[in-house]
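Both counts, for ligands and for their atoms, begin at 1 and track the order of listing. All values derive from a computational prediction rather than experimental measurement. One-based numbering along the sequence shown.
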Amino acid sequence: MNKGLEVARGKTKVLYEKPGQPDVLVVVATDNITAGDGARRDEIPGKGRIAAKTAARVFRLLNLCGLPTHYLSGGEDDDDNEMLVRRCAMIPLEVVVRGVAAGSLVRRKPGITRGAIIAPRLVEYFLKDDANHDPLIETEEIVHRGIATPQELGMMSEVARITYEILAHAWRRHETLLVDLKLEFGRVIAGDGRGSLVIADVIDNDSWRVWPQGREDLMLDKQVYRNLAEATPADLEKVRENYERVAEIVGTFPTMRPAMVGFLADGPQAVALLDPIVRAINAFGLQSLRRVVSSHLMPGYVLQAVQQLDATFARLVYVASGPQLAAMTSATTPTPVFDATEYEPDELALAIAKSLALEDTVMFGRVMLVQANARSAIVQADSQLNSPPPQPTTLG
Ligand code: 5GP
């Protein structure tokens, strides 16, 4: 890819301007691996390509769920360890989410058992400062130093938690426990959403702990390298194999899982009743199709329509316009059936999305985001009643 001036250089990547596009950067992942804040450093041929693939697929999944990230494109082709990202002013914090106790948490708090589930998830902030070994920093201190506002901290912790849950969901489908995760945020410097926070930097196999089958001894992440006193070529080859394995698994994380909502109107007069629900499910990016049937005039036709739809779509949910049709449909198919008269449209859309979310990480992420935005709207409405309006804090 055509690259302009070097903008920044980290321990494992180099950032360049994109010629002719001042708001876009090219991130090139290098073959370096480091530990102890750069005190130990090695090169693993091919790691840059593997890391770019991993980060690009993670970002694509998060974007698809509706989370704001700096990722635009690239990074997934075999010959290409370059990603295009929106240019950001980085916030000098490492935001760590923990779902299982490990690492520096158990060193700091010996009372916490290693491997214990942490719920609600713990979000911690570390100041990016290699010379001082990235010290833990309290939220009050972050605000006091002008690093981020309280609103931004609220948004970062919410987005970080949702990111953890989405990636934990995706890993769980491979019988693997996502233990913890580190993210970084930046403020978009130009264009749409200027000044708003997005997940930036990279999320790759250096940024998390992953334990297959929940077993620490099977770990696949960078901790294997951190634990080495000194890395022999054989050690580095083992680390490379782990990174390759992780990229392979992350490569199977969904980029799209189309599901279909089959709307069944009990007679032509019921079609309009379904319209607000069709609009509500659009918020989750679900596709829909509508059929007009009649439970009392043409029961055989209902059966036929349901059999046709069941045979056509692997991932399907029905919405029937009333209780009689819902009961009849339900009796004829193993596919979930919802009765439109039992719910408000938004409620029904959420219930449908949840029913798909168990096995669909994208739908799971969208449900989490819609719920977080609903909570944020309440907090905003509450604060607006008694004070000047705050900045909008929608998550995506
Ligand atoms: P801990 O604080 O337990 O050492 O790390 C918590 C999580 O953040 C782990 O998943 C670890 O991989 C990640 N992490 C901590 N510091 C860094 C860092 O400097 N770079 C990267 N890429 N990840 C980090």
Side-chain angles (χ1 to χ4, degrees), residues 8-15 27 29-42 44 47-48 50-52 54-56 58-59 69-70 83 90-110 112-118 121-138 156-157 159-161 163-168 170-171 176-186 199-212 214 216 218-228 239 242-243 246-247 250:
R9 183 172 283 264
K11 291 191 285 282
T12 56
K13 57 195 171 299
V14 189
L15 276 59
V27 179
T30 68
D31 288 345
N32 295 328
I33 185 163
T34 69
D37 302 309
R40 247 182 51 232
R41 173 184 297 267
D42 282 285
I44 299 182
K47 177 182 179 264
I50 298 169
T54 307
V58 165
F59 277 135
T69 82
H70 70 160
M83 285 192 314
M90 291 301 292
I91 296 182
L93 293 174
E94 296 194 339
V95 183
V96 170
V97 191
R98 301 181 190 273
V100 177
S104 70
L105 178 72
V106 293
R107 281 199 299 277
R108 255 180 294 130
K109 302 191 180 201
I112 299 183
T113 313
R114 185 179 201 76
I117 300 288
I118 302 174
R121 309 311 184 186
L122 179 64
V123 175
E124 293 179 329
Y125 298 92
F126 295 84
L127 185 66
K128 277 185 76 76
D129 179 358
D130 272 352
N132 288 305
H133 306 292
D134 297 343
L136 186 71
I137 180 168
E138 298 299 330
M156 284 192 281
S157 67
V159 168
R161 281 199 180 94
T163 301
Y164 172 85
E165 297 300 347
I166 291 171
L167 295 175
W171 273 109
T176 297
L177 187 63
L178 178 65
V179 171
D180 49 29
L181 171 71
K182 186 270 301 183
L183 348 154
E184 294 183 27
F185 288 83
I199 305 170
D201 192 56
V202 291
I203 300 175
D204 61 18
N205 199 34
D206 291 353
S207 345
W208 56 34
R209 289 192 174 95
V210 282
W211 295 354
E216 185 174 9
L218 299 180
M219 67 174 107
L220 289 174
D221 56 86
K222 185 178 158 184
Q223 194 60 43
V224 174
Y225 176 78
R226 291 193 194 103
N227 289 349
L228 298 168
V239 173
N242 287 348
Y243 274 67
V246 165
V250 172

* Just need the protein heavy atom nearest to atom 9 (C) of ligand 1, so name the residue and atom and give the distance. => D180 OD1, 3.2 Å

* To do: Might you point out which heavy atoms bring T34 and Y225 nearest each other, and give the distance in Å?
  => C-CE2, 3.6 Å

* Asked: Are the side chains of M219 and R209 in touch, meaning some heavy atoms are under 4.5 Å apart?
  -> no

* Which residues share a side-chain hydrogen bond (donor to acceptor under 3.5 Å, both in side chains) with S207, sequence neighbours left out -> D204

* **Within-shell test, R226 vs ligand 1, heavy atom, strictly < 4.0 Å** => yes

* To do: Taking only Lys NZ, Arg NE, NH1 and NH2, and the carboxylate oxygens of Asp or Glu, determine whether K47 and D42 approach each other closer than 4.0 Å.
  => no

* Check whether any side-chain heavy atom of L105 lies under 4.5 Å from a side-chain heavy atom of I118, and answer yes or no. => yes

* E94 near ligand 1 by a heavy-atom separation under 4.0 Å -> yes

* **Interfacing atoms of ligand 1 (cut-off 4.0 Å, heavy-atom, S104)** => 1 (P), 2 (O), 3 (O), 4 (O)

* **Atoms in ligand 1 flagged as close to G103, the criterion being non-hydrogen separation under 4.0 Å** => 3 (O)

* Could you walk me through whether T12 and V202 pass the side-chain contact (heavy atoms from CB on, under 4.5 Å) check? -> CA-CA 10 Å; T12 56; V202 291; 5.6 Å; no

* For atom 21 (C) of ligand 1, which protein heavy atom lies nearest, and how many Å away is it? -> K182 CE, 3.3 Å

* With distance as the sole criterion, is a donor-acceptor pair present between the side chains of S104 and R98 under 3.5 Å? -> yes

* To do: Determine, considering heavy atoms only, which of Q223, R209, E124 sits nearest to atom 5 (O) of ligand 1.
  => R209

* Structure fact -> Near D206 (heavy-atom distance under 4.0 Å), the atoms of ligand 1 are 12 (O), 21 (C), 22 (N), 23 (N)

* Is there a heavy atom of R98 sitting under 4.0 angstrom from any atom of ligand 1? -> yes

